[in-house]
Amino acid sequence: MTYQTDLKLFIDGAWRAGEGRDCHEVVNPATAQTIARLPLATEADLDEALHVAERAFPMWRDTDVEKRSAILRKAGRYLKENAKDIGALLTQEQGKPVKEAIGEVYGAASMFAWYAEEIKRDYGRTLVRPVGQRSIVTHQPVGVVATFTPWNFPIYLLAKKVAAALAAGCSVISKPPEETPACCQAVAKALDEAGLPQGVFQLVHGVPDMVSRKLIGSDVVRKISFTGSIPVGKHLMHLAADGVKRLTLELGGHAPVLVFDDVDLDKTLDQLVPQKFRNAGQVCVSPTRFYVQEGIYDDFVKGFAERTKRVQVGDGMADGTQMGPLANARRPDAIRELVDDARAKGAKVLAGGERGNEGFFFQPTLLADVPLDADIMNNEPFGPVAVARPFKDMDEALEQANRLPYGLAAFAFTENLRRANILGDRIEAGMVGINGFAISSADAPFGGVKESGFGSEGGKEGLETYQVVKAIHMC
């Protein structure tokens, strides 16, 4: 399989430049076949990237905000205009249905468009002082930023960090996932086409531990933004501590879904099932732990199972595919272990439960009556598995929703307004969706609490994470 766009990262010159280097094999998860080999950065390459970023920062920091804004807008337009081609690259590398992939590219474009305008509204403030004195509070870019992003939404998560950092006036070194390099290169190309000065944004691919130690350990980098697992996030916190580096950490979750007996059950199920299996469940805010009020529980799991069995699984490039493969060879075995553990402890497999014969597929799966000591009730599956249990009342539902150390996203479905207000206040999560799943947008903060991390991306809060506050007092 070859890439049919001008973003072909792995041919001709790119290949010659990579000769003699260590490489990472890029695999199409629908076929498990290698489609390219990615040259990896050396420590010398990273030294050069740090030098270039440090040199570019003062120039970009001092660039007029209108010019910065115009470049970001142009980058967003480029992504939108090339969304079909870029989406096809994403699907071949990551597996999600191409319609979802194209939607992700549009989402990335929206981040650049929004921050292009938001940076113009970064006003600061003037404090009240006696006549003849002035005290002002301003926001300034933190400096050189290092970002680390995962493979589940490789373009959108990259854009969410980079758009805000560039808007703030920072220079950026980004390490995207080795699994999806070509589609991430599209973001770099968009910025090049938009006229971003050389060195302000750089992509580096390499061995994750080596790259993170090198970048975070450098005095050049002043801010780190990471999206990924809790263990890796904790590791990066340790690395950042020596240099007192600022951090934004989005570390995943295990989202509870509370379904009360006053809902329109069919309408609710029609929302829940597609969301559960979006991107094969490889979504940090994926609805996973379904707690359903006992009066409708049997009908809920029956309806959920029926809809789950109808999900069309296949190559993301094929017409009609609703769920593609998992992103890499590790995921099907990990999901199978969680399902087998739950089954052994008494859970009922009402749909799916098995991996596919080719590629990295796993069937859309529903487990019912899952005991609390099952591993999958306590550890994020990050795959196409829903788990369900009944609850009696709101107090029990809240206890179950809040019992884990995760706190990224949570969802609740009810027609009772007072109950909805209480749930919004008492659920321990950085984002709560009531009767819907629209919790990630360019103008809204995205982030978690507890072990799901801290700091926000998106919204004005996302811009502030790449800025320092300075107070200037004049007498």
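What you see below is based on every heavy atom in this structure, not just the backbone, and it leaves out hydrogens, waters and symmetry mates.
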Restricting to side chain to side chain donor-acceptor pair (under 3.5 Å), what partner residues turn up for [X], sequence neighbours left out?
X      : answer
Lys96  : Glu104
Asp266 : Arg307
Thr180 : none

Pairs satisfying side chain to side chain donor-acceptor pair (under 3.5 Å), at least one member in [range], at least two apart:
range            : answer
residues 236-253 : Lys223-Thr248
residues 342-351 : Asp340-Arg343, Asp341-Lys345, Lys348-Asp369
residues 423-434 : Glu428-Lys450

Self-check item: Other residues, nucleotides, ligands: >12 heavy atoms within 6.0 Å of Met394 CE
Solution: yes

Results of ring-ring contact (aromatic ring centres under 6.0 Å, His included) for [X] - residues two or more places apart only:
X      : value
Phe277 : none
Trp151 : Phe382
Phe411 : Phe437

Quiz prompt | Pairwise ring pair (Phe, Tyr, Trp, His ring centres under 6.0 Å) hits with a residue in residues 335-360, at least two apart | solution = none

Self-check item: Sequence neighbours excluded, every pair satisfying salt bridge (Lys or Arg N to Asp or Glu O under 4.0 Å) that has a member inside residues 349-365
Solution: Asp333-Arg355, Arg336-Glu354

Self-check item: Pair listing, salt bridge (Lys or Arg N to Asp or Glu O under 4.0 Å) test, anchored in residues 381-394, at least two apart
Solution: none

Exercise. Can you see which heavy atom on Ala255 is nearest to which on Val285, and at what distance?
Key: CB-O, 4.1 Å

Quiz item: Below 6.0 angstrom between ring centroids: does that apply to Phe112 and Tyr78?
Solution: no

Quiz item: Got a salt bridge between Lys161 and Glu457, using NZ or NE/NH1/NH2 to carboxylate O under 4.0 Å?
Solution: yes

